[in-house]
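Everything below concerns the one structure shown next.
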Amino acid sequence: MAQAAAVAKHPRAGRRRTGTGAEPRRLPYLLIAPAGLLMLGFIAYPVLSVFYYSLQNYNVTKPWKNGFAGLDNFTRIFTEDPLFWPTLGFSAKWVVVQVGLQLALGLVLALLVNQTFVGRAVARALVFSPWAVSGVLTTTIWMLLYNPSTGMSRYLADLGIGSYGTSVLSDTGTVFWAAVLAELWRGVPFFAILILADLQSIPRDLYEAASVDGAGRLRQFFHITLPHLKDAIILSTLLRGVWEFNNVDLLYTLTGGGPAGVTTTLPLMIANTGIEGHDFGYASALTTVAFVILLFCSILYLRLSKFGGDRS
């Protein structure tokens, strides 16, 4: 009786400690620590190595000149390299054109395959299939299409459009749009997939209520669909912008940066400088500049677009 009275007087006295101390709180971090350390090693070491070599003269063909360079590589980039600014300008043009067209076409495609019709599953599979194709295989397909002897050029010439034996990839006036078309074929499904997934999360009640209020399809699109797609569009354009800026495989295998260097992006210039020119110090400095540009543009874009904010 006395023990029961003591427990009733002090109800916490009869409870067991359930281990809510610091150790259980640390357990999730301890469990993910091995994977986190591996990711840190695979990501942090290469990044820090690039920053280190950007301050060095490191050319494997001229070892006698290797050593600490300070900011000389960066001075060379901004004041001495005649290719840097045109290459950076083309990179910006490439990203803006690609992301803009891919977003517009991907949105239209997502709206179409979101409708109910016979064979919708097959249509979706066909629409999304180019996204599963690698960049090198995509290039091979389009190089065959652009072949002046057996590709589209020959059939267009048969119709009186263009002339026989001309290649759109060797003409400085057509090579840009030829590369754009090839990358669009691969990139549009990316936007279509993400936008379609977000479209299916919009409650149908909103459209029904809007229809009752007399709103047409156009008003429903601008007042219901687009506000709900805002975050998906912002995130997908940011990701695709970074990927297109770093695009190397398609342009390298399709045009090689030519003709006359008119399709050379900054990452392609970095690859040529490091792999073909063996100047890893200067290539690392170019990589550092590209990293800073991407970081600044990404932060600015997220701030201006108010990502994650109120949809209204």
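These numbers come from the heavy atoms of this one structure, side chains and all, not from hydrogens, waters or symmetry mates.
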Min side-chain heavy-atom separation [X]-[Y] under 4.5 Å:
X	Y	result
T264	L83	no
L38	P34	no
E183	T138	no
L55	N73	no
L295	S298	no
D171	P259	no
T265	N247	no

(request) Using the side-chain hydrogen bond (donor to acceptor under 3.5 Å, both in side chains) rule, take T253 and T139 through it: C-alpha gap first, then chi angles, then the decisive distance, then the call. (result) CA-CA 6 Å; T253 52; T139 305; 2.8 Å; yes
Does a side chain donor of either [X] or [Y] reach within less than 3.5 Å of an acceptor in the other side chain?
X	Y	answer
Y301	T237	yes
Q220	S211	yes
Y52	S284	no

Got a donor-acceptor contact below 3.5 angstrom from the [X] side chain to the [Y] backbone?
X	Y	result
R240	F191	no
Q98	V180	yes
T263	G257	yes
N66	N59	yes

(message) Ring centres under 6.0 Å, that's the criterion: do W94 and F245 meet it?
(response) no
Can you tell me how far apart [atom1] ([X]) and [atom2] ([Y]) are? Round to the nearest 0.5 Å.
X	Y	atom1	atom2	answer
L229	L111	CG	CG	7.5 Å
K62	W64	NZ	CH2	7.0 Å
L300	L304	CG	CG	4.5 Å
I202	H228	CD1	NE2	6.0 Å
L199	N114	CG	CG	5.0 Å
I275	Y252	CD1	OH	6.5 Å

So, for [X] and [Y], which heavy atoms are closest and what is the spacing to 0.1 Å?
X	Y	result
T288	S54	OG1-CB, 3.6 Å
W185	V133	CH2-CG2, 4.2 Å
P267	N246	CG-CA, 3.6 Å
W131	P189	CB-CB, 3.8 Å

(request) Look at the side-chain heavy atoms of Ile, Leu, Val, Met, Phe, Trp and Tyr, link any pair under 4.5 Å apart, and say whether V242 and V50 land in one connected group. (result) no
(message) Is there a path of hydrophobic side-chain contacts, each under 4.5 Å between heavy atoms, that joins L109 and L226?
(response) yes
(message) Any salt bridge linking R76 with D279? Criterion: basic side-chain nitrogen under 4.0 Å from a carboxylate oxygen.
(response) yes
(request) Output yes when D213 and R219 qualify as a salt bridge under the 4.0 Å nitrogen-oxygen rule, no when they do not. (result) no
(request) Scan for ring-ring contact (aromatic ring centres under 6.0 Å, His included) pairs involving residues 263-296, sequence neighbours excluded, and state none if there are none. (result) F51-F291
(request) Begin with the C-alpha distance, continue with both residues' side-chain angles, and end with the deciding distance and a verdict on side chain to side chain contact (heavy atoms under 4.5 Å, CB included) for W177 and V97. (result) CA-CA 10 Å; W177 292 108; V97 172; 3.9 Å; yes
(message) Is the terminal nitrogen or CZ of K93 (NZ for Lys, CZ for Arg) located under 6.0 angstrom from the six-membered ring centre of F176 and within 45° of that ring's axis?
(response) yes
